[in-house]
Structure formats: C-alpha cells, structure tokens
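Counting convention: from 1, in listed order, for ligands and their atoms alike.
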Amino acid sequence: MSQRKKTAILISGRGSNMGALIAAALKPDYPAEIALVVSNVPDAPGLARAAEFGIATAVVDHKAYPGDREGFERALDETLKGHGIELVALAGFMRLLTPFLVNAWSNRMINIHPALLPSFKGLATHERALEEGVKLHGATVHFVSAEMDDGPMIIQGAVPVLDDDTPQTLGKRVLEVEHQIYPKALALVASGSYRLKGQQVVRTSGTGEREAAAPLINPAD
Ligand code: GAR
C-alpha cells in the first residue's frame with residue numbers, strides 16, 4: 001500500500017469523532033495515519049484521550065490571539081506544517097475559519113457537521129430539525145470551503161426522527177452515524193479515490209457497497 005496520509009484532527013471538546021477516526025486508523029490497511037491532535041481549548045477532554053493512544057497533541061489557544069483570527073490560524077498552520085501534516089479533519093472544532101486557513105488547506109481539510117447539509121447549517125441542529133418537523137436527519141462530512149458548513153459533500157448518514165425525540169435522543173442517534181461515516185470519508189479522501197465534478201464528490205473505486213443501499217423511509221409502516 002502507498003504511504004499513509006499524515007492526518008491531524010482538530011478538536012475543541014470531548015472528541016468522540018476523533019476517537020472513531022483513531023480507532024479506524026489503528027487498522028494497518030487504513031489509508032490515513034493520525035499523526036497529531038490539535039485543540040484550541042487547552043483542557044479539551046479529547047486531548048487526554050488522544051495522548052492515551054500515544055498520539056502527539058498540541059494546543060493553539062485562540063484566546064492568545066484576541067481579535068486576531070488570522071494570527072491564530074497562522075499559529076495553527078505552523079503547528080500542522082511542523083508535524084508534516086498532509087490532511088486535516090475537523091472534529092467538533094468550534095472556530096469559524098477565515099479564508100487564510102481554508103485556502104492554505106484547500107481540498108485537504110474536511111469537516112463533520114451534525115445535519116444533512118445544506119439543511120441546518122450552524123449550531124443547535126437537532127433543536128432546529130425537531131422544530132421544522134423533518135422526518136429524516138443526520139450528519140455530513142464535507143470538504144471545508146470559505147462558507148461555513150459548505151463545500152463538496154463526501155458522505156452523508158441519515159437517521160429517522162422519532163415522534164418522541166428530544167434534541168438529546170436525536171443527537172445521540174446522529175452521533176452514532178457520525179462515528180460510522182467519518183472514518184469512511186477520511187479513508188476516501190486519504191486514498192484519493194474520488195474526483196470532483198463541480199460540487200459533487202464522485203468515488204472512483206469501491207462502489208460495490210452501493211448494492212446494499214436501501215431507501216430510508218420514516219415512518220416506515
Ligand atoms: C459532533 O456532533 C460534531 O458533528 C459537531 O460537534 C460534535 C463534536 O462531538 N460539530 C459541529 O457542530 C461543527 N459545526 P465530538 O467532540 O464528540 O466529536
């Protein structure tokens with residue numbers, strides 16, 4: 001197999017998606033190696049979790065750059081370059097990025113968002129999904145572009161919304177699907193087995209799984 005892509009995960013909190021990516025990358029044939037975990041929050045619980053796996057960690061605290069988003073991003077960029085990073089996966093990284101970092105990592109930075117984009121960009125996605133009464137909700141992994149929660153979508157996972165759902169129960173169901181789709185998306189990007197057709201990410205190998213695809217209908221009966 002060709003060289004595994006050196007990947008950094010950027011977090012701000014507990015890092016459960018980070019955990020899913022680390023677990024996937026433990027397999028020797030996984031095309032990405034998690035080489036670094038960076039947090040903008042010094043006491044993010046995910047940092048300790050990453051260290052338990054023997055993964056290098058770093059903190060770039062945005063509070064050290066008051067009113068200077070680009071200064072923060074330059075420091076982040078230097079940290080990434082200093083570790084020879086080739087791909088970046090945002091996993092609950094709660095900072096809006098400026099064109100500086102987005103352009104520096106164009107087509108090499110991906111993000112997971114807890115909604116079926118382009119619906120429910122931004123925060124409180126589960127609350128808003130319930131308010132709007134959608135029957136299917138989910139998560140999206142996408143390339144990061146200059147617009148928030150925008151950019152070519154790599155994979156989406158849908159879950160049913162149940163009548164008695166709260167934002168918490170729905171969020172838990174979505175998080176489970178996040179943990180399934182993020183490792184698949186990173187593998188696709190790291191292996192380079194895709195091409196961009198406008199905004200569409202088209203797979204160039206491994207399409208066999210599609211035979212198992214079934215419509216998700218809710219309510220089903
Ligand atoms: C995840 O649900 C992720 O999709 C969301 O934050 C959570 C982080 O959880 N990201 C965003 O809302 C980004 N706009 P985790 O730290 O356990 O992975």
Side-chain angles (χ1 to χ4, degrees), residues 7-26 32 34 36-53 55 57-62 69 72-73 76 87-98 101-102 105 109-132 134 136-159 161 165-187 189:
T7 302
I9 304 175
L10 270 52
I11 63 167
S12 299
R14 71 188 156 184
S16 73
N17 277 291
M18 174 204 77
L21 294 177
I22 290 173
L26 290 176
I34 309 305
L36 177 68
V37 171
V38 188
S39 176
N40 65 309
V41 177
D43 59 356
L47 284 172
R49 231 172 136 182
E52 280 168 22
F53 283 92
I55 295 169
T57 62
V59 172
V60 181
D61 187 350
H62 63 278
R69 276 185 188 273
F72 163 67
E73 292 184 357
L76 204 50
L87 278 179
V88 177
L90 309 183
F93 184 69
M94 307 308 271
R95 299 302 297 167
L96 285 177
L97 298 178
T98 77
L101 203 70
V102 172
W105 291 88
M109 183 184 278
I110 63 177
N111 179 48
I112 188 155
H113 181 72
L116 292 173
L117 291 174
S119 293
F120 309 122
K121 297 179 178 183
L123 299 174
T125 56
H126 311 315
E127 284 84 347
R128 287 188 288 141
L130 288 172
E131 271 164 30
E132 294 288 349
V134 297
L136 296 173
H137 185 42
T140 305
V141 183
H142 62 98
F143 284 103
V144 174
S145 73
E147 303 290 318
M148 181 190 68
D149 299 328
D150 201 61
M153 292 184 258
I154 301 158
I155 182 166
Q156 295 189 298
V159 299
V161 179
D165 263 335
T166 63
Q168 288 70 33
T169 58
L170 180 56
K172 186 167 177 282
R173 196 172 308 120
V174 170
L175 192 63
E176 281 167 17
V177 86
E178 291 185 44
H179 297 165
Q180 292 176 43
I181 65 174
Y182 213 173
K184 285 179 190 282
L186 177 59
V189 174

Which residues pass the side-chain contact (heavy atoms from CB on, under 4.5 Å) test with S145, sequence neighbours left out?
E147, D150
What residues form a side-chain contact (heavy atoms from CB on, under 4.5 Å) with V41, not counting sequence neighbours?
S12, S39, D43, A44
For R173, all residues meeting side-chain contact (heavy atoms from CB on, under 4.5 Å), sequence neighbours excluded:
V159, P160, L162, D165, L170
Start with the C-alpha distance between H137 and H126, add both sets of side-chain angles, then the distance that settles side-chain hydrogen bond (donor to acceptor under 3.5 Å, both in side chains), and finish with yes or no.
CA-CA 8 Å; H137 185 42; H126 311 315; 2.9 Å; yes
For atom CG of L123, decide whether the heavy atoms of other residues, nucleotides or ligands shown that lie under 6.0 angstrom number more than 12.
no
Please work out whether the ring planes of F72 and H62 are parallel, tilted or perpendicular, with thresholds of 30° and 60°.
perpendicular
What does the 4.0 Å heavy-atom contact list look like for ligand 1?
R14, G15, S16, N17, G92, M94, I112, H113, P114, L175, E178
